[in-house]
Amino acid sequence: MLREVKVEDAIGMILPHDLTQILPGEFKGRLFRKGHQVTEADIPALLSIGKEHIYVMELQPGYLHEDEAALRMARAMAGTSLDLRLTEPHEGKVNVKSEIHGLVKIEKAFVDSVNAIDEVVLSTIRSNTVVQAGASLVGTRVIPLIVDEAKVEEVERLAAARRAEGFTLLEVKPFRALRVGVITTGSEVFKGRITDKFGPVVKEKVAQLGSQVVEHRFALDDSEAIVGEIHALVALGVDLVLVTGGMSVDPDDRTPGAIKAAGARVVSYGTPMLPGSMLMIAYLGDLPIMGLPGCVMHDPYTSFDVLLPRICAGEEIVRSDITEMGYGGFYQC
Ligand SMILES: Nc1nc2c(c(=O)[nH]1)N[C@H]1C(S)=C(S)[C@@H](COP(=O)(O)OP(=O)(O)OC[C@H]3O[C@@H](n4cnc5c(N)ncnc54)[C@H](O)[C@@H]3O)O[C@H]1N2
Ligand code: MOO
């Protein structure tokens, strides 16, 4: 419903059409766009373009402007975390951004339940993505310019109910600074026949997540030697052990057997992801030990890149985490 009002009385009301400003020789263009909700700060600008009265669209009780709806949905998703920041509404859309470098966790069931509501949009990146500070994680909006408030209230109700069940809907887990020990296996490397190409790759990936390789040892393709190096790293008190190479099926591939022989509990030998299918994840007490196959050295994104950030964020990897890596885990290898 259109109504003519004095600009001073238009605060909180919505413009039914664009308002144009013309400054001869300087500017001609849109000063306010259709759908803009008038604020007190807009009044001088409206008066300056000769608008003492404007047409407004009245917001009936029980309806929300798209900006307000998007803001309320973004707040419902983000909760009170200090690591998350909401953007100003822009063309009806509000984003949630991360303030920190970390691992994103998103409650997918909540996102699905919101998007089952007609005319609302809750769009997110995927759980377990590594993000830098400033990255956008979520975008919210409604489809019409004016939306039934009950829909937004339903989003808020779903969020509160899910939180009451103990779920966190959206968070960014910071990375811990782990002290990492690396054992590079391979008699060809140990004996100097070839230069180690694994160490630099692993060191860089660890450093990218804010951790550090504090010890790098080399071992022959010999189970006892590898077990000895694992125990030496345990004695040094590292937080994570990475054993490179020797992970597949040749007689000289001793790494999986050595990790077991060191006394570790194997969560999985093999991940349903390509590349990186020959990776092993095991625990010696609560110390994670990973066996890294050759592909980690040359493929930019493997199962190691999926699991390392989770370990650096303090998560324990369980069998179901491995199982879930198959769907979407085929990287054309
Ligand atoms: N018949 C099969 N062949 C292969 C299988 C399989 O299941 N059956 N798996 C393949 C997959 S998947 C991978 S990944 C690779 C590598 O597995 P490994 O971890 O056993 O790698 P290695 O045999 O130790 O070495 C492979 C290759 O890379 C060189 N290498 C190893 N470490 C280093 C290092 N630190 N610096 C430089 N170069 C290194 C090594 O000399 C070999 O040339 O196996 C597939 N094959
Ligand atoms: O561990 Mo291997 O890719 O599956 O490349």
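As the structure lists them, so they are numbered: ligands from 1, and atoms in each ligand from 1. Start at 1 with the first residue, then count along the sequence.
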Enquirer: How far is atom 18 (P) of ligand 1 from its nearest protein heavy atom, and which residue and atom is that?
Expert: Met247 N, 3.5 Å
Enquirer: Can you tell me the protein heavy atom closest to atom 32 (N) of ligand 1 and the distance?
Expert: Phe198 CD1, 3.9 Å
Enquirer: Can you find a protein heavy atom closer to atom 5 (C) of ligand 1 than 4.0 Å?
Expert: yes
Enquirer: Check Arg265 with Glu316, please: is the shortest side-chain N to carboxylate O separation under 4.0 Å?
Expert: yes
Enquirer: When hydrophobic residues are tied together by side-chain contacts of less than 4.5 Å, even through go-betweens, does Phe198 share a cluster with Ile183?
Expert: no
Enquirer: Could any protein non-hydrogen atom be found less than 4.0 Å from atom 26 (C) of ligand 1?
Expert: no
Enquirer: Is Arg162 close enough and on-axis enough to Phe110, meaning under 6.0 Å and within 45°, for cation-pi?
Expert: no
Enquirer: Does a salt bridge link Arg72 with Glu154, judged by any charged N lying under 4.0 Å from a carboxylate O?
Expert: no
Enquirer: Heavy-atom distances under 4.0 Å decide this one: backbone, side chain, both or neither, for Asp196 against ligand 1?
Expert: both
Enquirer: Could you check, using the six-membered ring where one of them is a Trp, whether His216 and Phe218 have ring centers closer than 6.0 angstrom?
Expert: yes
Enquirer: Could you name the option among Ile194, Asp253, Asp252, Val189 that has the heavy atom nearest to atom 23 (O) of ligand 1?
Expert: Asp253
Enquirer: Counting each atom of ligand 1 from 1 as listed, which ones have a heavy atom of Gly245 under 4.0 Å away?
Expert: 19 (O), 24 (O)
Enquirer: Starting from atom 3 (N) of ligand 1, find the nearest protein heavy-atom neighbour and note its residue, name and distance.
Expert: Val249 CG2, 4.2 Å
Enquirer: Would you check the N or O atoms of Glu188, main chain and side chain alike, for any that come under 3.5 Å of an N or O of ligand 1?
Expert: yes
Enquirer: Could you tell me which non-hydrogen atom of Ile322 sits nearest to which non-hydrogen atom of Ser268, and how far apart they are?
Expert: CG2-OG, 3.7 Å
Enquirer: Can you pull out the closest protein heavy atom to atom 14 (S) of ligand 1? Residue, atom name and distance to 0.1 Å, please.
Expert: Cys295 N, 3.4 Å
Enquirer: Are Lys105 and Glu171 ion-paired here, with the side-chain N under 4.0 Å from a carboxylate O?
Expert: no
Enquirer: Can you tell me the protein heavy atom closest to atom 30 (N) of ligand 1 and the distance?
Expert: Met297 CE, 3.6 Å
Enquirer: Might you list the protein residues in contact with ligand 2, defined as having a heavy atom under 4.0 Å from one of its atoms, sorted by chain and number?
Expert: Leu274, Pro275, Gly276, Ser277, Met278, Pro293, Cys295
Enquirer: Could you check, using the six-membered ring where one of them is a Trp, whether Tyr331 and Tyr301 have ring centers closer than 6.0 angstrom?
Expert: yes
Enquirer: Check whether any heavy atom of Thr195 sits under 4.0 Å from an atom of ligand 1.
Expert: yes
Enquirer: Would Thr244 and Thr184 count as a side chain to side chain donor-acceptor pair (under 3.5 Å) here? Give the steps.
Expert: CA-CA 5 Å; Thr244 75; Thr184 289; 3.2 Å; yes
Enquirer: Check each of Met278, Lys197, Arg193, Arg254 against atom 13 (C) of ligand 1 and report the one with the nearest heavy atom.
Expert: Met278
Enquirer: Just go through Ser248, Pro293, Gly294 and tell me whose heavy atom is the nearest to atom 44 (O) of ligand 1.
Expert: Ser248
Enquirer: Side chain to side chain contact (heavy atoms under 4.5 Å, CB included) for Val96 and Leu170? Distances and angles first, verdict last.
Expert: CA-CA 10 Å; Val96 183; Leu170 173 64; 3.8 Å; yes
Enquirer: Using a strict 4.0 Å threshold on nitrogen-to-oxygen distance, state whether Lys6 and Glu52 make a salt bridge.
Expert: no
Enquirer: Can you list the residues that meet the salt bridge (Lys or Arg N to Asp or Glu O under 4.0 Å) rule with Asp196, with sequence neighbours excluded?
Expert: none
Enquirer: Of the choices Ser277, Pro256, Gly276, Gly246, which has the non-hydrogen atom that lies closest to atom 24 (O) of ligand 1?
Expert: Gly246
Enquirer: Under a plain distance cut-off of 3.5 Å, with no hydrogens placed, do Asp42 and His36 share a side-chain donor-acceptor pair?
Expert: yes
